[in-house]
Amino acid sequence: MKYIVSVSIGSSARDHRAEMKILGEKYIVERIGTDGDMQKALTILKELDGKADAFGMGGIDLYVYVGNRRYTIRDALPLKNAPKKTPIVDGSGLKNTLERSVIHYLDKKNLVDFKDKAVLLVSAADRFGMAQALESVGSQLICGDLIFTLGLPYPIRSLKKFYRIANMIAPLAVKMPFHLLYPTGKEQEKNVSYKYERFYQQTDIIAGDFHYIHRFMPMSLSGKTIITNTVTQRDIQELGERGVLKLITTTPELMGRSFGTNVIEAILLTCIGKPMEEITERDYEKMSQRIGLRPRIITYPKGYSHFSG
């Protein structure tokens, strides 16, 4: 039996536990939120070190990517260094492989029409593989990093501009307290629907981290397609009530919800069976195909929401 634990500095209201079989072996997958308490997260990692087969680092990333440059988020280092026996991953391996391939899969299968569609990616630095894929399939990419990370209402309308701006800002941003960059703890449950509404309404597709999307999403999302990751049943219902046409999660449903990329990467790590430092992106791609990871697609029935026409 394999035991996978995602220790998250996010809200404990989103905690979940699932049991499943993968390649014939039983897995217990658990998410433990600490409501923004970094010290509690460190304590849990140390207590379960050597007992869990792999950890996922939830609610915070270790790295952000800008082109071929990688920047380390300072506040994530204590979490990375806490376990001495159990490997820990932050999901970046899948963000650069699985999420990239999901966009191409949706395009190739004609499940989403990206050509010339305005796509708001709430943070390209958080999901650089997705950003590159979205631009390659012909979408009109809008990177929302300045808006959703720094609170500056300026959309970045190409990857070329994103590279230039992000390489100036990222070295300083990764040294800031993480809660200033990303909602943690109970901040993840808040929704300020009037702020930045125009950026949602000017786009056809909204993509990226769900907590960024949820934080400022307006009451009406009529006809929009959402491409994201970790959603609960409550999130699915709320999106439908706001008029979303289609919800796609890049990670599959596991016992009633989609887990984060950090969880799926931790599962793949144990399936591959190599030391973490030897695993390549190609290993993740091959194992994802072997397991049969596919995005979850939910199309809401017409009339589901009182906002929809």
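Screening Leu181, Asp209, Leu120 for a side-chain contact (heavy atoms from CB on, under 4.5 Å) with Phe148, the sole residue that qualifies is Leu120. When each of Thr149, Ile213, Ile147, Ile142 is paired with Val122, the side-chain contact (heavy atoms from CB on, under 4.5 Å) condition holds for Ile213 and for no other.
Evaluation of the salt bridge (Lys or Arg N to Asp or Glu O under 4.0 Å) test over residues 55-77, restricted to residues two or more places apart or in two chains, returns Asp61-Lys95.
Checked for salt-bridge contact, Glu238 and Arg242 meet the test: a charged N lies under 4.0 Å from a carboxylate O. One finds no salt bridge joining Asp49 and Lys85 here, because no Lys/Arg side-chain nitrogen approaches an Asp/Glu carboxylate oxygen to under 4.0 Å.
Among residues two or more places apart in sequence or in another chain, the side-chain contact (heavy atoms from CB on, under 4.5 Å) test is passed with Lys117 by Asp113, Asp204, Ile205. The side-chain contact (heavy atoms from CB on, under 4.5 Å) check on Glu277 picks up Pro275, with sequence neighbours excluded. Under the side-chain contact (heavy atoms from CB on, under 4.5 Å) criterion, Ser101 pairs with Leu98, not counting sequence neighbours.
A donor-acceptor pair is defined here as one N or O able to donate and one able to accept, closer than 3.5 Å; such a pair exists between the side chain of Asp235 and the backbone of Thr232. In this structure, the side chain of Lys80 does not engage the main chain of Val89 through any donor-acceptor pair within 3.5 Å.
At a threshold of 4.5 Å between non-hydrogen side-chain atoms, the residues Ile298 and Ile236 count as touching. Side-chain contact between Asp37 and Asp35: absent, with no pair of heavy atoms (C-beta onward) separated by less than 4.5 Å. Looking only at side-chain heavy atoms (C-beta outward), Arg127 and Glu99 come within less than 4.5 Å of each other. When side chains are defined from C-beta on, Ser123 does not count as touching Phe128, because their heavy atoms never get closer than 4.5 Å.
A distance of 8.0 Å separates OH of Tyr200 from CG of Leu221, quoted to the nearest 0.5 Å. Taking CD from Glu25 and OG1 from Thr270, the interatomic distance works out to 7.5 Å, rounded to the nearest 0.5 Å. Here Leu79 contributes atom CG and Ile9 contributes atom CD1; the two are 6.5 Å apart, rounded to the nearest 0.5 Å.
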Contacts table for residues 155-177: side-chain donor-acceptor under 3.5 angstrom, sequence neighbours left out:
residue, atom, partner, partner atom, Å
Ser158, OG, Lys161, N, 3.1
Asn167, OD1, Tyr71, OH, 2.8
Asn167, ND2, Tyr163, O, 3.1

Determine all donor-acceptor pairs shorter than 3.5 Å in which one atom belongs to a side chain in residues 279-289; sequence neighbours excluded.
residue, atom, partner, partner atom, Å
Thr280, OG1, Arg282, N, 3.4
Thr280, OG1, Asp283, N, 3.2
Thr280, OG1, Asp283, OD2, 3.2
Arg282, NH1, Glu285, OE1, 3.2
Asp283, OD1, Lys274, NZ, 3.3
Asp283, OD2, Lys274, NZ, 3.2
Asp283, OD2, Thr280, N, 2.9
Tyr284, OH, Glu265, OE2, 2.8
Ser288, OG, Tyr284, O, 2.7

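Using modelled atom types and a 3.5 Å distance limit, the side chains of Ser12 and Asp15 yield no donor-acceptor pair.
Aromatic ring orientation, Phe216 versus Tyr196: perpendicular (interplanar angle above 60°, classes split at 30° and 60°).
By the 6.0 Å and 45° rule, Arg294 stacks over the aromatic ring of Tyr105.
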